[in-house]
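Reviewing the structure listed below.
Convention: sequence-line order gives letters A, B, ...; per-chain numbering from 1.
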Protein chains: 2
Amino acid sequence: MTTVEADDWLRTLAKDGAEIDRASTAERVAGVLRSRVLDGYIKPGRQLSEKALGEALKVSRNTLREAFRLLTHERLLVHEYSRGVFVRVPGVADITDLYAARRIIECGALRRWPEAGEARREAIRESVRWGERRAEEGDWDGVGTANIRFHRAITALAGSARLDEEVERLLAELRLAFHVMGDPEEFYRDYLPMNREIADFLDRDETDRAEGALLRYFDVAEQHLVTVLREQ
Amino acid sequence: MTTVEADDWLRTLAKDGAEIDRASTAERVAGVLRSRVLDGYIKPGRQLSEKALGEALKVSRNTLREAFRLLTHERLLVHEYSRGVFVRVPGVADITDLYAARRIIECGALRRWPEAGEARREAIRESVRWGERRAEEGDWDGVGTANIRFHRAITALAGSARLDEEVERLLAELRLAFHVMGDPEEFYRDYLPMNREIADFLDRDETDRAEGALLRYFDVAEQHLVTVLREQ
DNA sequence: AAGATAAGGATTGTTCAACAATCCTTCAAT
DNA sequence: ATTGAAGGATTGTTGAACAATCCTTATCTT
């Protein structure tokens, strides 16, 4: 190991550390809240009181308000004038809209399979294999994560960072819906074989049939969510 | 005019007024800044000083910071730790990504033409007619606005509010690029006939040919923007 | 002349306290 | 049961203060 090599990895590490330290407190708070909302610790409908949260997180109300503003654009929180900030409760209309958007984006991206590079293609296959392994071990959280990775990988076929970002937002909102509906295990179990079907069609370059299968997935998933939400 | 009817229009009017008054100062400031950035009054690259802007708009620095947080997610502003907030300067990579995203979304939405309602179809036609009238009167700002309406109308074929919102963001970012490049008159003049072509294909239900024309528009427009930005 | 270092000034990031505005809850009157 | 008033809690905004960071300028060294 020469000095030049040592300099390289040290420089990389120093750069990573610098990026971490340069996040403002408001951004850090937003990150903590985002995680807590997405993992279901803070449930949909819950009010985020400035006073209580400011004391708990030991930050000032102004800093907290900045963090809230960062999160409302992600549609995870709803800001109501004079009433406060709440975790969004997705309704049936939200689900319908989310799936309408996903159909356009993900089916459009899927059509890019013929010109996609091998890394992007492999990401789709790997997410399916990973989900199947998780299912064999009964790790349903892992299956859910694999499903998200599958859909991210489809979107990534388009090669647009902005599209990836928007799909992240859509998927995050869908996670709120899961928290409303409770245990999503049977949700994921049924759809893993559909992901396998889509990936197999793609591997045979049968893009039209893959798109048809993806649309069927969206139809079934949406119907399932809408039905469950209607029962709440 | 019966009392029932009178109650209806009064109630509607009172509701409109209530919505207007319930915007917080931070949101109002964000709206003012958004408009100023989009119409090019505040140019890409300009720093928005909290001190100067707070004095000019007669709001406190804390309120201004909230407004900034609202705008950074729209990708109009860039927030740099300890250095301040700047109007984003789009580069070539941004343009490439913007058009990659638009190809997926707008072409995907265009495919929904066969099942679209008449109102949505008419919005596309009307935006083209409107642009042609603006061009006859030499109103190039109006032509630019009509072009934006055309693309909004295409997106609206998908019937998703979230998609509409995302395309608004993409189009807003593109307007920043126009401000970098200067007078966009010749940009719009050349593309008005392409919009007409697309609308005519749609009216004949030749959706594939319309999509082909839309892709050609994206290719030419992107190339034009990239070329001009490279010269700056 | 070019590069490095230090100092000073300006701006940003955060906190705190205060007050106004608004909402929500409770209680009393009808 | 409904309405109105009062009180309490929370949100929205302001301004001052201080710490942290960056940028500019001046000085020193090579």
Side-chain angles (χ1 to χ4, degrees), chain A residues 7 11 14-34 37 42-73 76-89, chain B residues 7 11 14-34 37 42-73 76-89:
Chain A
D7 282 350
R11 200 176 299 131
K15 190 176 170 185
D16 284 347
E19 295 292 339
I20 290 169
D21 286 346
R22 299 183 72 73
S24 65
T25 303
E27 284 159 11
R28 288 206 193 89
V29 167
V32 167
L33 293 178
R34 187 185 295 113
V37 168
I42 312 179
K43 299 290 188 194
R46 169 65 55 90
Q47 173 166 20
L48 307 188
S49 148
E50 294 174 8
K51 181 175 154 61
L53 213 45
E55 284 166 8
L57 297 176
K58 300 194 193 326
V59 296
S60 82
R61 277 180 56 221
N62 285 114
T63 299
L64 201 48
R65 293 180 66 83
E66 282 191 42
F68 287 159
R69 294 297 190 181
L70 283 171
L71 291 172
T72 52
H73 255 89
L76 298 180
L77 302 183
V78 181
H79 183 115
E80 293 186 22
Y81 185 80
S82 275
R83 295 190 67 237
V85 171
F86 302 79
V87 180
R88 190 181 289 271
V89 183
Chain B
D7 282 350
R11 199 178 301 130
K15 190 179 172 187
D16 285 347
E19 296 291 340
I20 290 170
D21 286 346
R22 298 183 72 74
S24 65
T25 303
E27 284 159 11
R28 287 205 192 89
V29 168
V32 167
L33 293 179
R34 185 183 296 113
V37 168
I42 311 179
K43 300 289 187 192
R46 168 65 54 91
Q47 175 167 18
L48 307 188
S49 148
E50 294 175 7
K51 181 174 153 61
L53 213 46
E55 284 165 8
L57 297 176
K58 301 199 191 328
V59 296
S60 84
R61 277 180 55 222
N62 285 116
T63 300
L64 201 49
R65 294 180 64 83
E66 281 192 42
F68 287 160
R69 295 297 189 179
L70 283 172
L71 291 172
T72 52
H73 256 86
L76 297 181
L77 303 184
V78 181
H79 183 115
E80 294 186 23
Y81 185 80
S82 276
R83 296 190 64 237
V85 170
F86 301 79
V87 180
R88 189 182 289 272
V89 183

With respect to the phosphate group of [N], does any side-chain polar atom (N or O) of [X] fall under 4.0 Å of OP1 or OP2?
X	N	value
His79(A)	dG12(D)	yes
Gln47(A)	dT11(D)	yes
Arg65(B)	dG13(C)	yes

Run the side-chain contact (heavy atoms from CB on, under 4.5 Å) test on Phe86(B) and Glu80(B) for me, step by step, so that the C-alpha distance in whole Å, both residues' side-chain angles and the decisive distance to 0.1 Å come before the verdict. CA-CA 8 Å; Phe86(B) 301 79; Glu80(B) 294 186 23; 4.2 Å; yes
Derivation and outcome, side-chain contact (heavy atoms from CB on, under 4.5 Å), residues Val85(A) and Val78(A): CA-CA 6 Å; Val85(A) 171; Val78(A) 181; over 6 Å; no
For atom [atom1] of [X] and atom [atom2] of [N], their distance in whole Å:
X	N	atom1	atom2	answer
Glu27(B)	dT11(D)	CD	P	15 Å
Leu48(A)	dA9(D)	CG	P	20 Å
Leu53(A)	dA9(D)	CG	C1'	17 Å
Tyr81(B)	dC23(D)	OH	P	13 Å
Lys51(B)	dG13(C)	NZ	C1'	16 Å
Glu55(A)	dA9(D)	CD	P	13 Å
Phe68(A)	dT10(D)	CZ	C1'	12 Å
Arg69(A)	dT11(D)	CZ	P	13 Å

At a cut-off of 3.5 Å, list every protein nitrogen or oxygen paired with a nitrogen or oxygen from nucleotides 15-17 of chain C, distance to 0.1 Å.
| unit_1 | atom_1 | unit_2 | atom_2 | d |
| --- | --- | --- | --- | --- |
| dT15(C) | OP2 | Ser60(A) | N | 3.0 |
| dT15(C) | OP2 | Ser60(A) | OG | 3.2 |
| dT15(C) | OP2 | Thr63(A) | OG1 | 2.5 |
| dC16(C) | N4 | Asn62(A) | OD1 | 2.5 |

Working to the nearest 0.5 angstrom, can you tell me the gap between Leu71(B) CG and Leu76(B) CG? 6.5 Å
Could you give the distance from CG (Leu57(B)) to OG1 (Thr25(B)), rounded to the nearest 0.5 Å? 11.0 Å
Could you point out which residue of Glu66(A), Glu55(A), Glu50(A) forms a side chain to side chain donor-acceptor pair (under 3.5 Å) with Arg61(A)?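 Exactly one pass, corresponding to Glu50(A).
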Picking from dT14(C), dG12(D), dC22(D), which would you name as closest to the side chain of Arg83(B)?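 Of dT14(C), dG12(D), dC22(D), dC22(D) is nearest to the side chain of Arg83(B).
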Lys51(B) atom NZ, neighbour heavy-atom count above 12 within 6.0 Å: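 Atom NZ in Lys51(B) is not crowded, with 12 or fewer foreign heavy atoms closer than 6.0 Å.
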The criterion is side chain to side chain donor-acceptor pair (under 3.5 Å); which residues satisfy it with Glu27(A), sequence neighbours excluded? Arg69(B)
